[in-house]
2 protein chains.
Amino acid sequence: MAKASNTRQTILKKSFELIYQKGYQATSIDEIIATTQVTKGAFYYHFKTKDAMGIAIINEIVKPIMERTYITPLQTTLDPLAEIYTMTQSLLLENSFLKLEYGCPAGNLAQEMTPWNVEFSKALHQLITSWQTAIEESLLKALENGQIRKSVNAKQVAYFVISSYWGIRNFGKVYNSTHCYDDYLLELKSYLDTLK
Amino acid sequence: MAKASNTRQTILKKSFELIYQKGYQATSIDEIIATTQVTKGAFYYHFKTKDAMGIAIINEIVKPIMERTYITPLQTTLDPLAEIYTMTQSLLLENSFLKLEYGCPAGNLAQEMTPWNVEFSKALHQLITSWQTAIEESLLKALENGQIRKSVNAKQVAYFVISSYWGIRNFGKVYNSTHCYDDYLLELKSYLDTLK
DNA sequence: CAATCAACATACTAGTTAGTATGTTTTGGT
DNA sequence: ACCAAAACATACTAACTAGTATGTTGATTG
């Protein structure tokens with residue numbers, strides 16, 4: 001039983017890596033089973049289709065990481081604005097799970113699979129909404145605490161922050177250099193300061 | 001001769017549409033020739049490979065539109081800050097060439113093809129740099145004219161503006177609604193105002 | 001008016017794809 | 001130790017993929 005669920009985890013983790021690097025459609029099942037040393041029979045025992053595996057990656061790999069790294073810190077911080085900045089900084093420059101040249105896993109999948117795959121769209125919609133909500137609510141708390149201007153619209157800022165993060169990850173891919181992250185982070189700091 | 005170059009244009013335009021909607025890898029040559037009514041012989045007479053066609057799309061379809069829509073207006077405006085806003089607004093809400101549910105063509109291609117395809121990376125790098133430079137230079141002009149604060153860093157703002165635009169187009173795809181564009185535009189306006 | 005070549009058309013191929021059919025092995029409960 | 005079911009293994013298939021080989025047109029040009 002432990003061995004079986006281990007096989008499943010191996011498939012999910014390795015598949016995630018391949019998909020994160022090359023995209024969902026460019027990653028074939030043959031390649032997955034070759035790199036994992038798992039046979040096709042085992043693969044299709046654990047996942048009915050490739051798409052079912054893709055959804056499982058979102059829910060069982062990306063989602064838990066996202067909750068731990070993107071959401072919980074925002075819910076527990078006493079200084080949301082500072083947390084948004086340091087979180088972004090660490091996501092761009094320190095997080096060993098994310099790679100400069102491969103962008104943001106959720107952003108990548110969203111762009112590739114939406115809108116033509118309904119199942120993926122739904123799963124990603126949920127994922128992204130949860131992040132957005134976390135930012136929004138942390139900003140509302142900051143508003144209550146008087147840490148930011150009363151004229152600040154939390155929802156708008158949440159959109160703006162996530163959008164800019166997704167976008168700069170795209171820049172990172174295209175330029176294949178962290179230089180753009182430095183410039184971006186400086187501007188993000190300026191922007192966040194204007195909210196005070 | 002006019003007929004031949006017409007065939008080429010037909011292939012490029014229809015291919016662009018398909019690729020814009022479904023992505024490069026998900027668009028097969030068989031599908032392209034089926035929808036264009038062009039035969040395989042004709043296709044491969046005009047383009048040596050699929051990748052060659054992809055590069056041609058960037059250079060002959062996307063680039064001219066980008067220059068006309070994204071760059072020239074910035075070079076001729078007297079009020080860069082206002083132009084950046086109205087341009088973004090019209091790209092998101094009015095431009096009939098861009099569709100809510102399909103994101104930004106350049107952004108899509110950048111994400112899908114970078115970093116594993118060097119040729120695409122180069123072509124896209126050029127494309128994006130030209131837009132970024134246009135924003136940057138228009139902001140430098142605004143700086144000279146005293147239209148924005150002296151402490152504003154043009155390069156940083158250019159990164160921030162383009163990033164947020166790419167990102168919000170991703171949101172548009174995921175949410176499949178222009179509502180997020182409204183919130184984004186309000187925040188973009190606020191942000192741009194802080195540069196004055 | 002014939003020859004030439006650009007511009008297409010058709011039929012094919014070799015490789016890859018997701019998925020299946022049909023097995024064999026391992027594992028846990030009795 | 002035995003048996004059923006879970007967990008895996010192997011060999012296959014049908015559809016699709018980019019690309020090619022080998023044609024046929026139809027317009028120019030000497």
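A note on names: the letters A, B, ... follow the listed sequences, proteins ahead of strands, and every chain is numbered from 1. Note that the structure is a prediction, hence the values are computed from the model and not measured.
- Here B:F97 and B:Y102 keep their ring centres 6.0 angstrom or further from each other.
- Counting only residues at least two apart or in different chains, salt bridge (Lys or Arg N to Asp or Glu O under 4.0 Å) contacts with residues 42-64 of chain A comprise A:R8-A:E60.
- Here the C1' atom of nucleotide C:dA7 and the CD1 atom of B:I11 are 11 Å apart, to the nearest Å.
- Atom CG in B:D30 sits roughly 8 Å away from atom C1' in D:dC16 (whole-Å rounding).
- Taking only side-chain nitrogens and oxygens, B:T39 never comes nearer than 4.0 Å to OP1 or OP2 of C:dC8.
- Aromatic ring centres of A:F171 and B:Y159 lie closer together than 6.0 Å.
- For the pair A:K40 NZ and C:dG23 C1', the interatomic distance rounds to 17 Å; values are reported in whole Å.
- Salt-bridge check for B:K14 with B:E17: passed, with a basic side-chain N closer than 4.0 Å to an acidic carboxylate O.
- Under 4.0 angstrom from either OP1 or OP2 of C:dC8 there lies at least one side-chain N or O belonging to B:H46.
- Rounded to whole angstrom, the span from the CD atom of B:Q9 across to the P atom of C:dA7 amounts to 14 Å.
- Distance, B:N6 CG to C:dA6 C1': 16 Å, rounded to whole Å.
- Computed from coordinates, the B:E31 CD to D:dA15 P distance equals 18 Å when rounded to whole Å.
- With C:dC8, C:dA18, D:dA18 as the candidates, the nucleotide lying closest to the side chain of A:K50 is C:dA18.
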Atom pairs, N/O to N/O, protein against nucleotides 13-15 of chain C, distance under 3.5 Å?
none

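- The phosphate of C:dC8 (OP1 or OP2) has no side-chain N or O of B:Y45 nearer than 4.0 angstrom.
- What separates NZ of A:K48 from C1' of D:dA7 is a distance of 19 Å, to the nearest Å.
- Regarding A:Q37, its CD atom lies at a distance of 14 Å from the C1' atom of D:dC8, rounded to whole Å.
- When all heavy atoms of B:L74 and B:S138 are compared, the closest pair comes out as O-CB, 3.7 Å.
- Closest non-hydrogen pair, A:A154 versus A:L139, comes out as O-CD1, 3.7 Å.
- Picking from D:dA18, C:dG19, C:dT17 the nucleotide with the shortest atom distance to the side chain of A:T49 gives C:dG19.
- Donor-acceptor pairing under 3.5 Å is lacking for the side chains of B:Q156 and A:Y191.
- Mapping A:G41 and A:Y24 onto DNA chain C via the closest heavy atom, the residue that lands nearer the 5' end is A:Y24.
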